[in-house]
Each structure stands twice: as structure tokens, then as C-alpha cells.
Amino acid sequence: MPELPEVETVRRGLALKMTGRRIVHAELRRQDLRRPFPPMLARTLTGARVGRLRRRGKYILVELDDNGTLLLHLGMSGRITTGDASTPHATHDHVVLTLDDGTVVRFNDARRFGLIDYTRRGDEEAHPLLAGMGPEPLVPDFDGRCLAAKLAGKMTPIKAALLDQKVVAGLGNIYVCEALYRAGLSPRRVAATVTGARAERLAAAIRAVLNEAIEAGGSSLRDYVQSDGELGYFQHRWAVYGREGEPCPGCTCAEGVRRVVQSGRSTFFCAKKQR
DNA sequence: AACAAGACCTGCATGC
DNA sequence: TGCATGCAGGTCTTGT
């Protein structure tokens, strides 16, 4: 589920529920996800008041009033839902927070590729998980020049390069496929050859697809964190992802959308439109 | 240094 | 129905 648009949708939903609230109880139903939780996590959370919720790439940063910041990553299957105490624990609810208004926040992650860490305020960008992360694609100065600079010298396919969080923060398999399709660039193209007008097209496509997805998530996922973590309706707007064999929008090629595997991950594209 | 493959986990769809 | 297989929105580690 979680690439940048989904993480941003979750962040917005959580901010509405959590900002300004105090955590009155923190239940750790296991002590690790992808890695062990930081020591004393339950004690750190209990009694803390929640400040701003920010996002960096696919991480949600929850500021606490103890001069610390919680780092949350949803991995592949992570979900954060809110409800109240009447909801019984679900399988894979690993962390359950109760807020001072009775709201219950649950971090559920079947595959446990997610992660929770804690760092001191002001040190976030230096945290090993965030240090070296590439530019945020939705900030105003992210453009073709910025993107081309990150791709310079890379002989790997552009598909693989865009999945590297050091190149652009927050992209994942779906939105990389979609952005390359919109930009008309082959996923197999050598990354370093994406310069000039091609880089501008790709940067614009990345921004457009992410913004549209956030909007779509924002409307149908308004209550996402109260729900079962279903996708927003943007999945219905995928042009190529998950559409092997189907015709791509407005294209007359006989072959339709192709699927290939690059660095172990499925890539969906149109060989006619993408060069 | 750069890149690809492997590993980490569970759940689900598919096919026999 | 049961079982095996392959696939999944990520990324850290290992090996070439």
C-alpha cells in the first residue's frame, strides 16, 4: 500500500486525530517489527503529548513534547487505523496507543517490514534512516534539472534508479511505473540518459501522478485511518500498473501493456509509447 | 562504487 | 479440501 501518496494520506488522517492529544496508554504487543523497537518505547510514549506530524519520503515523523520524534515506516503491509476501545485487537496489531479522548490508534503490519524508531528533535535529518534521502518530489524546486543531477552517472535502468530513495524520496513500484508511462520513457532506459527535456517531462510526470494520487486518496480515504486500510480510488486510474495484456489508454498497439521483471520487481509499460 | 540478487515475513489467488 | 507455487505497495544486507 504505502508509497508517498498513501503515506501522506495516512499522515493527514492521523494528524486530525492525534495532534494536541496526549497518549495515555501505549501497548506493545511485540517488541520488534523489521528491527527491535527502541528501548523504553512504551515508557517514552506514555504521557507524551503529540505535536506536529510530518513526512519525509515514506516515513511519518510524529513530534512528541518530550523533545523526541517518532519515526514510522509502513513497509509493504503496514496500516495505521483509529477507532475506540470497543474494537477488539486484530491479528498483527503490534502497537496500540490510547489517546486522552479515547481514540485508539493501531499499527497493524502482517509482514512486519515496517519500522518504528525514535530520535531526538532536531536530529531527524541526521538519522541513519533519513540521512542521504533524495529530494522530496513535491517541493517547489524539484524539477528536471534537480532530477537529472541525481541520475547523472547512473548506468542502471531508470526504473531501478527511481526506486532508489536516495534519488527521489517516496517513489515506489506503482508510481514509478505510472510516471515513466506518463513521461513516455522506457523503464529500461539508462538512467544517466534522462537529461534536459526528458528529465523535465519525467519530473513533471512524477509530480502530477503523486498529486493526483494524493487527491484521490484524500477524497476516498478521508477516513482511511478509521477504516480497514483500503486503497483510495486512485487504483482505478492506473494506466499500466497491474494491467499486463490490457490496452493502455488511447494506444492502439496490438501488444498492450507488458510486464517485465527488473531487479526482481515487476515493471509494467507500453513498448510503443515509452522509449 | 555501483549494481543485482537474496533475505526478511505473511496472506492471498491460482492451479493441480 | 488440501497443498504447492508465485506474487505482493519496501529496503537492508550480501555478493559480484
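Computed from a predicted model, the values in this text were never measured in an experiment. The chains referred to below are lettered A, B, ... by the order of the sequence lines, with proteins before strands, and numbering in each begins at 1.
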*Output all residues satisfying side-chain contact (heavy atoms from CB on, under 4.5 Å) with Pro187(A), sequence neighbours left out; order by chain, then residue number.*
Lys159(A), Leu180(A), Gln262(A), Thr267(A), Phe269(A), Gln274(A)
*Rounded off to whole Å, could you give me the CD-to-C1' distance for the Glu244(A) and dA8(C) pair?*
15 Å
*Those residues that, when tested against Tyr241(A), pass ring-ring contact (aromatic ring centres under 6.0 Å, His included) (two or more places apart)*: Trp238(A), Phe268(A)
*Mind calculating the distance between NZ (Lys166(A)) and P (dA1(B)) to the nearest angstrom?*
12 Å
*Rounded to whole angstrom units, what separation is found between the CH2 atom of Trp238(A) and the C1' atom of dA8(C)?*
11 Å
_Contact list please: residues 127-136 of chain A against DNA chain C, heavy atoms, distance less than 4.0 Å, in numerical order._
Leu129(A)
*OP1 or OP2 of dA8(C) sitting under 4.0 Å from any side-chain N/O of Ser266(A)?*
yes
*Tell me: NZ of Lys58(A) to C1' of dC12(C), nearest whole Å?*
13 Å
*Please list, chain by chain and in numerical order, all residues satisfying salt bridge (charged side-chain N to carboxylate O under 4.0 Å, His left out) with Arg275(A), sequence neighbours excluded.*
none
*P spacing across the pair dA5(B) / dC7(C), given as an integer number of angstrom*: 15 Å
*Who passes salt bridge (charged side-chain N to carboxylate O under 4.0 Å, His left out) against Arg35(A), sequence neighbours left out?*
Asp117(A)
*In chain order, what residues pass the side-chain contact (heavy atoms from CB on, under 4.5 Å) check against Gln165(A), with sequence neighbours excluded?*
Lys58(A)
_If you compare every side-chain N and O of Gln165(A) against the phosphate oxygens of dT11(C) (OP1, OP2), does one of them come in below 4.0 Å?_
yes
_Summary of ring-ring contact (aromatic ring centres under 6.0 Å, His included) pairs that have at least one residue in residues 40-80 of chain A, sequence neighbours excluded_ = Tyr59(A)-His73(A)
*Can you list the steps and then say if Glu136(A) with Arg56(A) is a salt bridge (charged side-chain N to carboxylate O under 4.0 Å, His left out)?*
CA-CA 7 Å; Glu136(A) 285 291 325; Arg56(A) 179 74 173 102; 2.9 Å; yes
*Partners of Arg145(A) by salt bridge (charged side-chain N to carboxylate O under 4.0 Å, His left out), sequence neighbours excluded?*
none
*Partners meeting salt bridge (charged side-chain N to carboxylate O under 4.0 Å, His left out) with Arg30(A) (sequence neighbours left out)*: Asp32(A)
*Can you tell me how far C1' of dT11(C) sits from CZ of Arg35(A), to the nearest Å?*
11 Å
*Could you state the atom-to-atom distance from CG of Asp164(A) to P of dC12(C) in whole Å?*
10 Å
*Could you please name the option among dA8(C), dG10(C), dC12(C) that lies closest to any side-chain atom of Tyr59(A)?*
dC12(C)
*Pick the P atom in dT11(C) and in dA1(B), then give their distance to the nearest Å.*
23 Å
_B/S/- contact track for nucleotides 3-13 of chain B, protein heavy atom under 4.0 Å_ = SSS--BBBS--
*Protein-nucleotide distance (Leu115(A), atom CG; dG10(C), atom C1'), rounded to Å*: 11 Å
*What is the distance from CG of Leu171(A) to C1' of dG10(C), rounded to the nearest Å?*
13 Å
*How does DNA chain B read in dot-bracket, base by base from 5' to 3', with Watson-Crick or G-U pairs under 3.5 Å and | used when the partner is on another strand?*
.|||||||.|||||||
_Under a plain distance cut-off of 3.5 Å, with no hydrogens placed, do Thr81(A) and Arg106(A) share a side-chain donor-acceptor pair?_
no
*Excluding sequence neighbours, so at least two apart, what forms side-chain contact (heavy atoms from CB on, under 4.5 Å) with Lys273(A)?*
Tyr181(A), Cys248(A), Cys251(A), Cys270(A)
_Side-chain donor/acceptor of Glu200(A) to backbone N/O of Gly144(A), under 3.5 Å_ = yes
